[in-house]
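Position 1 is the first residue of the sequence, and the numbers go up from there. Everything quoted here is computed from the prediction, not taken from an experiment.
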Amino acid sequence: MTAEKDHERLNSSALYLSEREILEYIVRRIPLNIRPNDLTIIGFIGAFMAFVAFILCNISQAFLPIAGLGIFLNWFGDSTDGTLARYRGIERPKYGYLIDHSFDLISNALMFVGLGLSPYFTFFSALLAISMYYLFSAYTYLRVLAMSQHTLSYGGMGATELRILLFVWAIIASLIGPGMIEAEILGHRALDTVVCALWIFFFIFLCYTILEQLKDVWQD
């Protein structure tokens with residue numbers, strides 16, 4: 001993968017500044033024979049590892065650390081590929097963007113679906129979460145096309161924070177046990193009810209964000 005050099009990158013996530021320093025430290029030490037595309041593949045392997053490990057958690061919770069390792073590898077590959085390309089000055093604005101975000105779409109789906117098939121979440125809630133991720137992704141890519149602005153976070157939440165939230169949830173659910181997932185509210189699974197409410201909230205937030213943006217360009 002290579003970075004989208006001709007796009008303005010907008011990132012206001014909570015961990016952005018600290019993460020940027022860590023990534024810059026890492027890429028300066030990556031061997032020259034390792035290319036950005038190699039890191040993209042490592043990120044995808046990590047996502048697939050997390051997908052399989054989450055499912056295997058139905059057999060034993062001993063697989064949960066492997067899922068965590070997979071999520072870490074996904075972060076490492078996805079976060080360093082573009083950083084390395086920019087550091088070495090080998091960006092490919094069009095094809096790098098295509099490769100990077102194509103793998104992102106697949107990798108995030110794998111991790112969410114894996115969590116949904118684990119004992120720590122429900123498949124319905126996982127599908128709701130991934131559908132919202134795709135809605136925000138679609139809007140992000142439209143902004144890149146129309147405005148050459150790539151928004152990497154919304155409301156302080158970026159890809160890194162999302163990965164952390166995903167794994168922390170799995171740890172908490174594993175510690176509390178099945179009661180956390182099986183609890184009900186008015187005859188419906190409480191987890192699904194809460195996630196559905198959050199989906200509605202973020203959908204309204206997305207609609208508001210889009211309308212605010214359209215106000216600036218509607219009369220142009």
Side-chain angles (χ1 to χ4, degrees), residues 1-4 7-30 36-51 53-54 64-87 96-97 99-116 118 120-121 126 129-141 143-144 149-173 195 198 202 205-206 209:
M1 192 237 70
T2 49
E4 53 272 27
H7 300 143
E8 180 185 5
R9 297 164 59 86
L10 306 176
N11 193 340
S12 59
S13 65
L15 299 176
Y16 170 63
L17 294 178
S18 299
E19 183 181 25
R20 183 177 64 180
E21 293 180 1
I22 294 172
L23 293 175
E24 290 175 352
Y25 176 86
I26 292 173
V27 298
R28 288 195 294 268
R29 289 157 177 80
I30 293 178
N37 284 350
D38 299 327
L39 296 170
T40 302
I41 295 300
I42 290 174
F44 174 75
I45 291 173
F48 186 76
M49 181 188 303
F51 168 75
F54 272 135
L64 184 56
I66 299 176
L69 176 60
I71 293 173
F72 171 78
L73 289 176
N74 176 256
W75 167 82
F76 177 82
D78 181 48
S79 300
T80 56
D81 53 6
T83 306
L84 181 64
R86 288 187 291 276
Y87 175 71
Y97 187 85
I99 293 171
D100 182 21
H101 296 291
S102 295
F103 274 90
D104 284 348
L105 291 171
I106 297 171
S107 295
N108 283 293
L110 283 173
M111 290 187 291
F112 271 106
V113 170
L115 181 65
S118 76
Y120 314 126
F121 214 52
I130 197 64
S131 69
M132 184 52 61
Y133 163 75
Y134 281 143
L135 281 173
F136 274 92
S137 295
Y139 175 61
T140 296
Y141 303 150
R143 280 177 57 89
V144 171
Q149 291 182 340
H150 186 187
T151 303
L152 297 168
S153 64
Y154 293 92
M157 177 73 71
T160 298
E161 290 80 6
L162 187 62
R163 292 185 187 96
I164 293 173
L165 180 63
L166 186 150
F167 189 58
V168 168
W169 173 271
I171 293 175
I172 293 174
V195 172
L198 288 172
F202 283 112
F205 172 74
L206 177 61
T209 302

* Asked: Where the side chain of Ser153 meets the backbone of Ser13, is there a donor-acceptor pair that is under 3.5 Å apart?
  -> yes
* Report the relative orientation of the aromatic rings in His101 and Tyr97; use parallel for angles under 30°, tilted for 30 to 60°, perpendicular for over 60°. => tilted
* Leu198 side chain reached by Met132 side chain, heavy atoms, under 4.5 Å -> no
* Asked: Shortest non-hydrogen contact from Leu206 to Leu135?
  -> CD2-CB, 3.8 Å
* How many angstroms lie between atom CG of Leu15 and atom OG1 of Thr160, to the nearest 0.5 angstrom? -> 7.0 Å
* Structure fact -> Here the pair of heavy atoms bringing Thr140 nearest to Thr151 is CG2-O, 3.4 Å
* Please tell me if the side chains of Asp100 and Asp81 come closer than 4.5 Å, counting only heavy atoms from C-beta onward. => yes
* **Set of residues satisfying ring pair (Phe, Tyr, Trp, His ring centres under 6.0 Å) with respect to Phe136, sequence neighbours excluded** => Tyr154
* Structure fact -> Closest non-hydrogen atoms of Leu115 and Tyr120, given as atom of the first, atom of the second and distance, are CD1-CB, 4.2 Å
* Among pairs that include at least one residue of residues 149-159, which meet salt bridge (Lys or Arg N to Asp or Glu O under 4.0 Å), considering only residues two or more places apart or in two chains? -> none
* Asked: Looking at residues at least two apart in the chain, or sitting in another chain, which of them share a side-chain contact (heavy atoms from CB on, under 4.5 Å) with Leu105?
  -> Tyr133, Tyr134, Ser137, Tyr141
* Structure fact -> Correct closest heavy-atom pair for Phe76 and Ile42 would be CD2-CG2, 4.4 Å
* To do: Measure the spacing between CG of Leu73 and CD1 of Ile66 and express it to the nearest 0.5 Å.
  => 11.5 Å
* **Between CG on residue Leu110 and CZ on residue Phe103, distance to nearest 0.5 Å** => 11.0 Å
* Asked: Excluding sequence neighbours, so at least two apart, what forms ring pair (Phe, Tyr, Trp, His ring centres under 6.0 Å) with Phe112?
  -> none
* To do: Just jot down the side-chain contact (heavy atoms from CB on, under 4.5 Å) partners of Arg29, sequence neighbours excluded, or say none.
  => Tyr25
* Between OG1 on residue Thr80 and CD1 on residue Ile30, distance to nearest 0.5 Å -> 5.0 Å
* Asked: Does the side chain of Thr209 reach to within under 4.5 Å of the side chain of Phe205, using non-hydrogen atoms?
  -> yes
* **Contact check, side chains of Ile71 and Phe54, non-hydrogen atoms, under 4.5 Å** => yes
* Structure fact -> Nearest heavy-atom approach of Ser107 to Asn74 is CB-ND2, 3.6 Å
* Asked: Taking only residues two or more places apart in sequence or in another chain, which ones pass salt bridge (charged side-chain N to carboxylate O under 4.0 Å, His left out) with Arg163?
  -> Asp78
* Asked: Under 3.5 Å, is there a donor-acceptor pair between the side chain of Glu24 and the main chain of Glu21?
  -> no
* Asked: Considering residues, nucleotides and ligands other than Phe167, do more than 12 of their heavy atoms fall under 6.0 Å from its CZ?
  -> yes
* **Ile164 vs Trp75 side-chain heavy atoms within contact, under 4.5 Å** => no
* Do Leu166 and Leu162 have side-chain heavy atoms sitting under 4.5 Å apart? -> no
* To do: Please round to the nearest 0.5 Å and tell me the distance separating atom OG of Ser79 and atom CG of Leu84.
  => 12.5 Å
* Asked: Can you tell if the side chain of Val195 reaches within under 4.5 Å of the side chain of Phe121, non-hydrogen atoms only?
  -> yes
